[in-house]
Protein chains: 2
Amino acid sequence: MELKLSISELSEKTGLSIDTIRYYEKIGILPSPHRKGNGQREYTSGDLERFIFITQLKRTQMPLKEIDRYIQFYIDQDYESCYQVLHTHKVEIEEQMAEMSMALEKINYKLTNFKSLVSDRNGKHN
Amino acid sequence: MELKLSISELSEKTGLSIDTIRYYEKIGILPSPHRKGNGQREYTSGDLERFIFITQLKRTQMPLKEIDRYIQFYIDQDYESCYQVLHTHKVEIEEQMAEMSMALEKINYKLTNFKSLVSDRNGKHN
DNA sequence: ATAGCGCCTGGAGTATAGTCTAGGTCAAAT
DNA sequence: ATTTGACCTAGACTATACTCCAGGCGCTAT
């Protein structure tokens, strides 16, 4: 027997709002889940897994349009294009991580500067 | 004699559009530069440096409002608050980097899967 | 002197990604 | 039987971050 999730349960598990979940479904990046007799959405653990991957892509700055492209290729079983899209995103993530390291260095430098400015002003007894 | 830059030169050096530069000035995250007699903006190398730091914050996903907060604290010489804001952003960058590593792992896993799906379909002679 | 270029301003328009509202259905609890 | 709570839809609204446009100024080259 498969575990079924309501939209609010899915929302809790993924951290996305109920509105966002419906929005993603509307723009096509989440498959329309099975509906119960009364029309309410019912999610499977498979849905949950796909959902989690999508949110991971989103949190690494992949635009929804690009996520959508990926999903459509996946639905069309065009795995070569899936590979392409994901590979491009991978390169982007790597670039972003490189930028973040550089920014961190600069920020750490500034933080030490601010710290000494602050302690000087306080007569350095802290 | 200080080197002066026009807005288009600054744009070239920073990769931000002229419109964006004027927009940033309007919302207060860039100081209004000195103006030439005819009203045109003239940037110093100090301006350029500040500009580059700002774009670095922006590229690491710091919202413009937060950048603005930082700048205002800096102008007010409230270095303790500068420290706070920058420190908060540092933590955010570190979290983002952690998420990116996790996403990279998952993406690499998916990439190898897609690769084998594609080569299977092609009769695996490549 | 006039045409072209780079710059100026204020304000309108756009893209992205949601978020909120009004009005309605259904099932369980009082 | 009616109230409550979770859900539904369509569509309006919002926030963020630009981007574009119209109309105008001032210097340089023809």
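Proteins get letters first, then strands, A, B, ... in listed order; numbering begins at 1 in each.
- Among D:dC7, D:dC8, D:dC20, the nucleotide with an atom closest to any side-chain atom of A:Ser6 is D:dC7.
- Both tests pass for B:Lys110 against the ring of A:Phe53: distance under 6.0 Å to the centre and angle within 45° of the axis.
- A salt bridge does not link B:Glu25 to B:Arg22: none of the charged side-chain nitrogens sits closer than 4.0 Å to a carboxylate oxygen.
- Comparing C:dC7, C:dA17, D:dC8 against the side chain of B:Arg22 picks out C:dC7 as the nearest.
- Comparing C:dT19, D:dT19, C:dA17 by their nearest atom to the side chain of A:Asp19 picks out C:dT19.
- A donor atom on one side chain and an acceptor atom on the other are found under 3.5 Å apart for A:Thr20 and A:Ser17.
- Within 4.0 Å of B:Ile27, counting heavy atoms only, lies no atom of the nucleic acid at all.
- With D:dC7, C:dC7, D:dC18 as the candidates, the nucleotide lying closest to the side chain of A:Ser8 is D:dC7.
- Contact between the side-chain N/O atoms of B:Tyr24 and the OP1/OP2 oxygens of D:dC18 is found at a separation under 4.0 Å.
- Proximity of residues 43-54 of chain B to DNA chain C (heavy atom under 4.0 angstrom from any strand atom) is not detected for any residue.
- Checking D:dG11, D:dT16, D:dC8 against every side-chain atom of B:Lys65, the shortest atom distance belongs to D:dT16.
- Looking at A:Gln61 and B:Gln96, their side chains do bring a donor and an acceptor atom within 3.5 Å of each other.
- Candidate nucleotides D:dA6, C:dA27, C:dA17 were compared by shortest atom distance to the side chain of A:Asn38, and C:dA27 ranks first.
- Nearest nucleotide to the B:Ile7 side chain, out of C:dC7, D:dA17, C:dG18: C:dC7.
- Checking the phosphate oxygens (OP1, OP2) of C:dT19, a side-chain nitrogen or oxygen of A:Ser17 falls inside 4.0 Å.
- By the 30° and 60° cut-offs, the orientation of the rings of B:Tyr79 relative to A:Phe114 is parallel.
- Distances shown here put a side-chain N or O of B:Arg35 below 4.0 Å from the OP1 or OP2 atom of C:dT9.
- The phosphate of C:dC8 has OP1 or OP2 within less than 4.0 Å of a side-chain N or O from B:Arg41.
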